[in-house]
Amino acid sequence: MSITAVPVRDPRSRPGKAFIQFPFELYQNEPQWVPPIRGTVAAVISRRHPYFQHSDGEAFLFLRGDTVVGRCVLLEPRLFNQHTGNRDVRLFLPEGINDDEVWDVIFENARTWARKRGAGRLIGPQGLSPLDGGGVLVDGFEHRASMTMMLWHPRWYAGAFERQGMKKYKDFLSFRAMTGDFSLPEKVSRVAEIAAGRSGLTVERPRS
């Protein structure tokens, strides 16, 4: 059965709800995966995110019959491209089942969308800002992802991207600190106290 790419523009619509829900079902047995905030994804779908004041993008849901098999957002960061002199289109929130046909359709849809905008390069996964994280996980699958700036993928994702001709152009590293064995150096603590006093900022600690 063929796979259909469906543009998604309303997070309250049936495709919109399916777009947001899909990774929760895809990774339901993966304790290392950290879910995104649903409202943030909804803001991207509906173009309510401030990014769309200066740039373009579109969300797509991929269906085989009535079954959701993938999703992604394509982004044209016009302001960033203008600043860097690039003509990039970003692949954001790419999720799909472990099926080569699904990824063939996801990437062909992305390439077509990018060509229509005169893009010179398709990059990603990469989101609206560094807080969204970037890249495909290639090591450390056993560790739970952080809430921001880090993504988690199954082991086979990297192979799926490489099969589509994607190549690495930089590394993102994440470090894990065990709080029980960690203590901040005294000099750093003093500098932090001085900076906090000058800024007027306080650190609130949750009570529950």
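The minimum heavy-atom distance linking Leu151 with Gly135 is given by the pair CD1-O, 3.4 Å. The shortest non-hydrogen separation linking His153 to Phe141 is O-CD2, 3.4 Å. For the residue pair Gln32 and Glu142, the shortest heavy atom distance occurs at CG-O, 3.6 Å. Between Gly124 and Phe161, the closest heavy-atom pair is O-CE2, 4.2 Å. Listed here is the closest heavy atom pair of Gly16 and Val8: CA-CG1, 3.5 Å. Taking every heavy atom of both residues into account, Asn109 and Ala5 meet most closely at OD1-CB, 3.8 Å.
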Test Val44 against Phe19 for side chain to side chain contact (heavy atoms under 4.5 Å, CB included), laying out the working first.
-> CA-CA 11 Å; Val44 173; Phe19 184 99; over 6 Å; no
Assess whether salt bridge (charged side-chain N to carboxylate O under 4.0 Å, His left out) is satisfied between Arg155 and Glu30, documenting all intermediate values.
-> CA-CA 12 Å; Arg155 292 179 182 272; Glu30 303 289 357; over 6 Å; no
Evaluate the criterion side chain to side chain contact (heavy atoms under 4.5 Å, CB included) for residue pair Glu95 and Tyr27; output intermediate values, then yes/no.
-> CA-CA 10 Å; Glu95 317 281 357; Tyr27 301 130; 2.5 Å; yes
Verdict with reasoning, Asp99 to Arg64, per side chain to side chain contact (heavy atoms under 4.5 Å, CB included) = CA-CA 12 Å; Asp99 184 319; Arg64 181 181 277 147; 3.1 Å; yes
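Rounded to the nearest 0.5 Å, atoms CZ (Arg121) and CG (Asn86) are 5.5 Å apart.
Around the CD atom of Gln28, the shell of radius 6.0 Å holds more than 12 heavy atoms that belong to other residues, nucleotides or ligands. Counting non-hydrogen atoms of neighbouring residues, nucleotides and ligands closer than 6.0 angstrom, the CZ atom of Arg163 exceeds 12 such neighbours. The local environment of CZ in Arg144 is sparse, with at most 12 non-hydrogen atoms from other residues, nucleotides or ligands closer than 6.0 Å. Dense packing is recorded around CG of Leu184, with more than 12 heavy atoms of other residues, nucleotides or ligands lying under 6.0 Å away.
Within the 4.5 Å cutoff, the side chain of Asp88 has no heavy atoms near those of the Phe80 side chain. Using a 4.5 Å heavy-atom threshold, the side chains of Val68 and Leu63 count as touching. When side chains are defined from C-beta on, Val89 does not count as touching Arg111, because their heavy atoms never get closer than 4.5 Å. The shortest distance between side-chain heavy atoms of Trp103 and Pro94 falls below 4.5 Å. Proximity of Glu76 to Ser55: side-chain heavy atoms (C-beta onward) are nowhere separated by under 4.5 Å. Looking at heavy atoms from C-beta onward, Pro11 lies out of side-chain contact with Val41 at the 4.5 angstrom threshold. Contact of the Arg71 side chain with the Ile106 side chain is not registered, since no non-hydrogen atoms from C-beta on lie closer than 4.5 Å. Within the 4.5 Å cutoff, no side-chain heavy atoms of Asp56 are placed close to those of Leu75.
Aromatic ring centroids of Trp152 and Tyr157 lie 6.0 Å or more apart. Aromatic ring centres of Phe24 and Trp33: separated by under 6.0 Å.
The backbone N or O of Gly127 lies less than 3.5 Å from a partner atom in the side chain of Arg90, making a donor-acceptor pair. Although no hydrogens or angles enter the test, the distance criterion places a donor-acceptor pair under 3.5 Å between the side chain of Arg87 and the main chain of Gly118. Put simply, the side chain of Arg47 gets close to the backbone of Gly57: a donor and an acceptor are under 3.5 Å apart.
Note on Trp156: it clusters hydrophobically with Leu137, by side-chain heavy-atom contacts below 4.5 Å among ILVMFWY residues. A chain of hydrophobic side-chain contacts below 4.5 Å, direct or via other Ile, Leu, Val, Met, Phe, Trp or Tyr residues, connects Trp113 to Phe92. Cluster membership check: Met150 does not share its hydrophobic cluster with Leu26, using side-chain heavy-atom separations under 4.5 Å among Ile, Leu, Val, Met, Phe, Trp and Tyr. Hydrophobic clustering (side-chain heavy atoms under 4.5 Å, transitive across Ile, Leu, Val, Met, Phe, Trp, Tyr) groups Ile3 together with Ile97.
In this structure, Glu25 does not pair ionically with Lys17, as no charged nitrogen and carboxylate oxygen lie closer than 4.0 Å.
The aromatic rings of His49 and Tyr51 sit perpendicular to each other, their planes meeting at more than 60°, with 30° as the lower class boundary.
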